[in-house]
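Ligands are counted one by one from 1 in listed order, and the atoms in each one are counted from 1 as well.
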Amino acid sequence: MKRVKLVVANWKMYLSVHEASLLTNRLDKVIKVHRDVEVVLAPNYLCLQPLSVEIDRRKFRLAAQDGFYIDDGAYTGAVSLSQMRDLVHYAIIGHSERRRYFHESFDEVRDKVAAAVRNDITPILCLGETKEERAQKETKQVLHDQIVTALSNLTSEDAENLVLAYEPVWAVGASEPASPDTIAAAVDWIRYQVRELYGQKTEASMRVLYGGSDEPEYVSGIMAIDGVDGLLVGRASLNYESFNDIVTAVHLAALSETND
Ligand code: PGA
């Protein structure tokens with residue numbers, strides 16, 4: 001099955017509103033519209049409203065980097081997925097930095113996935129093992145537990161639109177991505193879990209991304225891995241040239257698939 005490729009720029013807690021607007025402007029000048037690649041920008045909350053007005057919607061979509069699972073109420077400091085429903089198409093959920101620094105639990109991740117779906121926002125659910133878990137040979141168990149908990153409130157129809165991102169924690173912010181063999185094995189296992197839960201049809205329509213030290217020179221190798229539909233990019237998305245190189249390389253990967 002042919003799935004539209006997806007490249008997500010995770011700008012994390014970088015860039016002021018002004019800087020985000022400048023970067024978007026530069027990206028708009030260099031990035032071409034490719035029908036086979038969807039490009040998504042995930043700035044901080046403050047930037048979502050201004051960027052939603054500025055972006056060329058044929059080129060870019062917006063994602064939140066997180067969002068609270070209760071729609072409204074007395075929750076000081078929180079921004080709900082419901083409040084962002086008209087601003088974003090996607091929300092990154094369960095990023096390892098949220099799990100690590102904000103102590104986000106499996107149950108919170110499950111509730112956020114459900115809140116996104118309830119508010120017509122597509123979750124980009126991050127999955128991945130730590131270095132210690134990998135050393136203990138717990139990768140499969142960790143991925144299984146993350147998937148089963150996070151998807152436990154979803155129907156197979158909800159799940160079809162979901163995006164899963166394999167982001168081994170040890171490869172995020174590192175000097176190079178995980179090896180193609182490591183990514184291939186994890187993506188196979190993730191797709192197998194989804195098939196077990198929801199069947200072949202759901203698994204075949206679901207997109208799986210890889211994230212962790214994506215740089216332009218690694219993209220063609222990663223995109224050649226069976227079952228990988230795109231990338232979740234951190235540092236390299238803060239530079240318009242390297243992000244454009246990544247989008248172009250993903251487009252070339254999509255083209256070569258069509259020609260196969
Ligand atoms: P990185 O971040 O590309 O800087 O490793 C990836 C991510 O956290 O999504």
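- For the ligand labelled ligand 1, residue E215 lies outside the 4.0 Å heavy-atom shell.
- No hydrogens or angles considered: a donor-acceptor pair under 3.5 Å links the side chains of E129 and Y166.
- K131 forms no cation-pi arrangement with W170, by the criterion of a distance under 6.0 Å to the ring centre and an angle within 45° of the ring axis.
- Polar contact check, G212 against ligand 1: no nitrogen or oxygen pair lies under 3.5 Å apart.
- Looking only at protein heavy atoms, the nearest one to atom 4 (O) of ligand 1 is R235 NE, 2.7 Å.
- Between E257 and K5, at least one side-chain nitrogen of the basic residue sits less than 4.0 Å from a carboxylate oxygen of the acidic one, meeting the salt-bridge criterion.
- Using cut-offs of 30° and 60° for the angle between ring planes, the H34 and H251 rings count as parallel.
- Of all atoms in ligand 1, listed by their number and element, those nearer than 4.0 Å to a heavy atom of E167 are 6 (C), 7 (C), 8 (O), 9 (O).
- The closest approach between G173 and ligand 1 falls below 4.0 Å for a heavy atom of the residue.
- Of all heavy-atom pairs between V142 and G128, the closest is CG1-O, 4.1 Å.
- The distance criterion of under 3.5 Å between nitrogen or oxygen atoms is met by G234 with respect to ligand 1.
- Numbered from 1 in the order shown, with element, the atoms of ligand 1 that lie under 4.0 Å from a heavy atom of S213 read 1 (P), 3 (O), 5 (O).
- V109 places a side-chain heavy atom less than 4.5 Å from the side chain of I93.
- Contact annotation for N10 and ligand 1: only side-chain heavy atoms (C-beta onward) come within less than 4.0 Å of the ligand.
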